[in-house]
Structures are given as structure tokens and as C-alpha cells.
Amino acid sequence: MNFVLPAPPPRSEEELLLRARRLAGRKLGELAAERRMVVPADLRRAKGWAGMMLEQALGATAASRAVPDFPDLGIELKSIPVDPRGSPKESTYVCTAPLDGSMPRTWAESWACRKLQRVLWLPIVTAPGQAPGERIVGSAVLWTPDAEEDAILCADYESLTERIDLGEVWDLDARHGVALQLRPKGAHGEDFVWALDAEGQWVQTSPRGFYLRASFTGRVLARRLALPRG
DNA sequence: GACTGATCATGG
DNA sequence: CCATGATCAGTC
């Protein structure tokens, strides 16, 4: 078996899940070695390293393109750092939030909703201070929001987009939203986008993205792992 | 310790 | 340049 090249795309959901389950219990360092990838000493300058390595290992094809990681299956891959108890340590980036009035009015039409319709969560068990190569892949969860989760996300989306519509850009901060929140998303602090403010004037502000709070993701994972069919 | 705001790398 | 992959790091 030659692991150096990216794995071929999985032909079915079952094949993808099987591959993901086979990664459970393995160290990121081992998986990287099989792909002849260098393991960074820490992730300060390699924040997306685990996600990209796992994309390769699973045969994702859509890196850096605005389509799902597995386009034929309509599945998005998200690696998520969790502590040894399984609680996510970080929020999860979903997509950018347009501030120029171009965002869809309803949750169902939104880019965020579409991206979250089918997500393969791959927990990465990370103890405090543990080096990236020592971290262990956990149990994959293929998630589609259930009615309750969808309702929570929908309510957040509608209140956040209403705030964007009001044009109060100074108020577009991460404190709003139960599950979905708005956070800065840029290369650095000087990045900006144009936004329509409350007076209808174009103003500069930092780019924002939609993120899932760690508390929400934690509940999603815990429920699926406790009730594999529920 | 949790949370928000800031930041880093890569690919097309 | 922008979207994807996220985590860092200072503050509350």
C-alpha cells in the first residue's frame, strides 16, 4: 500500500465512514508519516495542518474550493480538537458572513445551512500541551442537524442577519447567538470589508464569519455517540 | 477557565 | 485575492 499520494475519493458514504472509523485510535504523527508529511512541533504556524492531512488521508478533493470536501457525496469534513473527555476545545468555522446586504434572508437558503447539512466530524483527542503528532483520532460522527438543532441554528441565523441588516456593525460581535456566532475572520487585524451601516452609508469593518460554538458542537457529538442511531 | 477577537498557512 | 483549513493568545 502506497500512502504518499492523496487517497482516491471514496465512492460512497459507507466507504468514507469505513475509512474514517479505521482512523480512530491512530496518532496524527503515524498518519502523517504514511503520507510522508512533516509533523509540525506545534500548530501556531500550521493551524490547518491536521485538517488538511486528514482530508488527504480520507480522499477529500475540494481543498480550498467553495464546494463540499466530498463533492459527490455532499459531505463536509471538519476535524475538531476535543479534550480527553470529548468536549470540543474550539469553535468551528462555518463560512463567511456577507455584510453588504447580499446574504440570503432565510436560514434554509443560507450558505451556512447548506454547509451544515452533512458534516463528518472527526474529533482529535488533545490533552493539554500534547504535541500534534501525539494526538489521537477519535470516533467519527456523520451529522445532519435534527429538528431541534436546526431550529436553534435557524433562530440564531435570523437574529444575526437581522443585526447585520440593521447595519449596527459595532454590535456584530461574538457574544450573540446560542449555537451560531459571528467572529472576525481575516488574515490579520487590518483586513476589512465594506458594510452598509444603520444610516445606509458604506463603512469599513473587519470581515466576519459564522462559527459554531464549542458548547453546541459538544452536545451534537455527545448525543450522536450516546445514541448511534438516534 | 471560558470566551472573544486576532491570527497563520495553503491552494486555486 | 479569496476561500479553505483552523488555533492562538489576551482578556474577562
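All figures in this text were calculated on a predicted structure; none of them were measured in a lab.
The separation between A:Leu182 atom CG and B:dG5 atom C1' is 13 Å, rounded to whole Å. The nearest whole Å value for the distance from the CG atom in A:Leu212 to the C1' atom in C:dT7 is 16 Å. Remark: P of C:dT4 and CZ of A:Phe210 are 13 Å apart, rounded to the nearest angstrom. Computed from coordinates, the A:Leu122 CG to C:dA6 P distance equals 10 Å when rounded to whole Å. Between A:Leu180 atom CG and B:dT4 atom P there is a gap of 13 Å when expressed in whole angstrom units. Separating the CZ atom of A:Arg114 from the P atom of C:dT4 is a distance of 14 Å, rounded to the nearest angstrom. When the P atom of B:dA2 is taken as reference, atom CG of A:Asp173 falls 21 Å away, rounded to whole Å. As a whole-Å value, the separation of A:Trp49 CH2 from C:dT7 P is 12 Å.
Nearest-nucleotide positions on DNA chain C for A:Val67 and A:Leu43 put A:Val67 closer to the 5' end. Mapped onto DNA chain B by nearest heavy atom, A:Glu190 and A:Arg175 fall at different nucleotides, with A:Arg175 at the one closer to the 5' end.
The residues A:Arg118 and A:Glu13 are annotated as salt-bridged, a charged nitrogen and a carboxylate oxygen being separated by less than 4.0 angstrom. Salt bridge status for A:Arg35 with A:Glu30: absent, with no side-chain N to carboxylate O gap under 4.0 Å. Using a 4.0 Å cut-off between charged side-chain N and carboxylate O, A:Asp69 and A:Lys78 make no salt bridge. The pair A:Arg224-A:Glu149 meets the salt-bridge criterion, with a side-chain N (NZ, NE, NH1 or NH2) lying under 4.0 Å from an Asp/Glu carboxylate O. Checked for salt-bridge contact, A:Arg219 and A:Glu148 meet the test: a charged N lies under 4.0 Å from a carboxylate O.
At least one donor-acceptor pair closer than 3.5 Å links the side chain of A:Arg105 to the backbone N or O of A:Met103.
Using cut-offs of 30° and 60° on the angle between ring planes, the pair A:Phe210 and A:Tyr157 is tilted.
Judged by distance alone, the side chains of A:Asp197 and A:Trp202 never bring a donor and an acceptor atom under 3.5 Å apart.
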Got a list of protein N/O to nucleotides 8-10 of chain B N/O distances below 3.5 Å?
from, atom 1, to, atom 2, distance (Å)
B:dA9, OP1, A:Arg45, NH1, 3.3

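Every residue two or more places apart in sequence or in another chain that forms a side chain to side chain donor-acceptor pair (under 3.5 Å) with A:Glu109 is listed here: A:Thr106.
The listed nucleotides are C:dA3, B:dT4, C:dT7; the one nearest the side chain of A:Tyr211 is C:dT7. Comparing B:dG5, C:dG5, C:dT4 against the side chain of A:Glu55 picks out C:dG5 as the nearest.
DNA chain C is contacted by A:Glu76, A:Lys78, A:Ser79, A:Pro81, A:Glu90, A:Ser91, A:Tyr93 of residues 74-95 of chain A, taking any non-hydrogen atom closer than 4.0 Å.
Between the side chain of A:Arg65 and the base of B:dG12, no donor-acceptor pair under 3.5 Å is found.
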